[in-house]
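Report on one structure; see the data block that follows.
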Amino acid sequence: MGFQNRDIISIRDFSKQELLHIIDVAAKIQADRSKYSGLLKGRIMASLFFEPSTRTRLSFEAAMHRLGGSVIGFSEPDNTSISKGETTHDTIRIVDGYCDVIVMRHPEAGSVSKAAEAASNPIINAGDGTNEHPTQTFVDLFTIMQTKGTLQGLNIGFLGDLKFGRTVHSLTHALSHFSPKFYFISPPSLKLPEKYIKEMESSGISYVEEEELTKVSRELDILYVTRIQKERFLNSEDYAKVKGFYKLDTSFLRHAKPEMKILHPLPRVDEINPGLDEARQSIYFQQAHNGIPVRMALLGLIIGGL
Ligand code: CP
């Protein structure tokens, strides 16, 4: 499998075998992280965040440090020469000369793919607008495999903002390799966009669309909850109509299989009550912490010769 110097732009660029290989490498790293502590000694990762982030940026940066490498970058583009009018293209071309790999988040769909044209080093999409978030998907797959022991044949519910939620757009594609049944649970205005539905229909994936969670919750092996993404709405009235549409608390567990697991890419707002955090079904903090071995695996595969 060829991972060396490869860009990670879209989950659609990865085969089923490659997805399983990444999970496998991440599991090996998690089992004995110290074995990899010098793998990227002397290498530099540029962390370019044009949009806010906690988990993705900090877990990538921690992963690079855990591999013995160094990190440069910014999380406030206003403090760079972009504020003087420099283009993203020129910014990438310059930073490309200072590092060995670039991790980039940007509010515009397709921006990371465009940036890759200006870079000779590999570039990793850390989220491009409402489009994709492929490295979150590797984290999600790893977490599902870790907790369920398989990715095959699961009933998976996606709840919340399926329109703007880029993690959903990437994860549904990746899981389509594993004969799932999907349950898309959202307010009518936040349904999964038609282009993803068509993609699933052409792959023969079975799915249900529903507004009310408890109508389907007993079927689910995994419930993937998402935040309603206020920042993506064009006006505050549209957001106000769906704000707080779903609010899960411990009473929800009565409507679910005992072994069902709840994931969430986080951050959350009010869709999961903190009272649910200690339930054995809730694995979203474990999921966030899995960002370290998974992103160590990605960096090790791309620039570390794993
Ligand atoms: N899951 C995720 O992308 O979180 P951040 O926005 O905090 O990086």
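A quick note: this is a predicted structure, and the numbers were derived from the prediction, not measured. Order of appearance sets the numbers: ligands from 1, and atoms from 1 within every ligand.
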Using a 4.0 Å heavy-atom threshold (strictly under), name the region of Leu266 that reaches ligand 1: side chain, backbone, both or neither. backbone

Relative to Phe14, does Arg6 satisfy both conditions: NZ or CZ under 6.0 angstrom from the six-membered ring centre, and within 45 degrees of the ring's axis? yes

What heavy-atom pair brings Glu210 and Glu212 nearest, and what distance separates the two atoms? OE2-N, 3.0 Å

Contact atoms of ligand 1, heavy-atom distance to Thr56 under 4.0 Å: 2 (C), 3 (O), 4 (O), 5 (P), 8 (O)

What protein heavy atom is closest to atom 1 (N) of ligand 1, reported as residue, atom name and distance in Å? Pro265 O, 2.8 Å

How far is atom 7 (O) of ligand 1 from its nearest protein heavy atom, and which residue and atom name does that atom have? Thr54 N, 2.8 Å

Is the ring centre of Phe158 less than 6.0 Å from the ring centre of Phe182? yes

Please indicate whether any nitrogen or oxygen in Ser53 is less than 3.5 Å from any nitrogen or oxygen in ligand 1. yes

Among Lys181, Lys148, Lys257, find the residue that satisfies the side-chain hydrogen bond (donor to acceptor under 3.5 Å, both in side chains) test when tested with Asp221. Lys257

Report the nearest protein non-hydrogen atom to atom 6 (O) of ligand 1: residue, atom name, distance rounded to 0.1 Å. Arg105 NH1, 2.9 Å

Pair up each side-chain donor or acceptor in residues 183-197 with any protein partner under 3.5 Å, not counting sequence neighbours, and list the distances.
| from | atom 1 | to | atom 2 | distance (Å) |
| --- | --- | --- | --- | --- |
| Tyr196 | OH | His169 | ND1 | 3.4 |

Mark yes or no: Arg295 above the aromatic ring of Phe60, with NZ or CZ under 6.0 Å from the six-membered ring centre and no more than 45 degrees from the axis. yes

Have a look at Gln136, Arg55, His133 and point out the one with the heavy atom closest to atom 3 (O) of ligand 1. His133

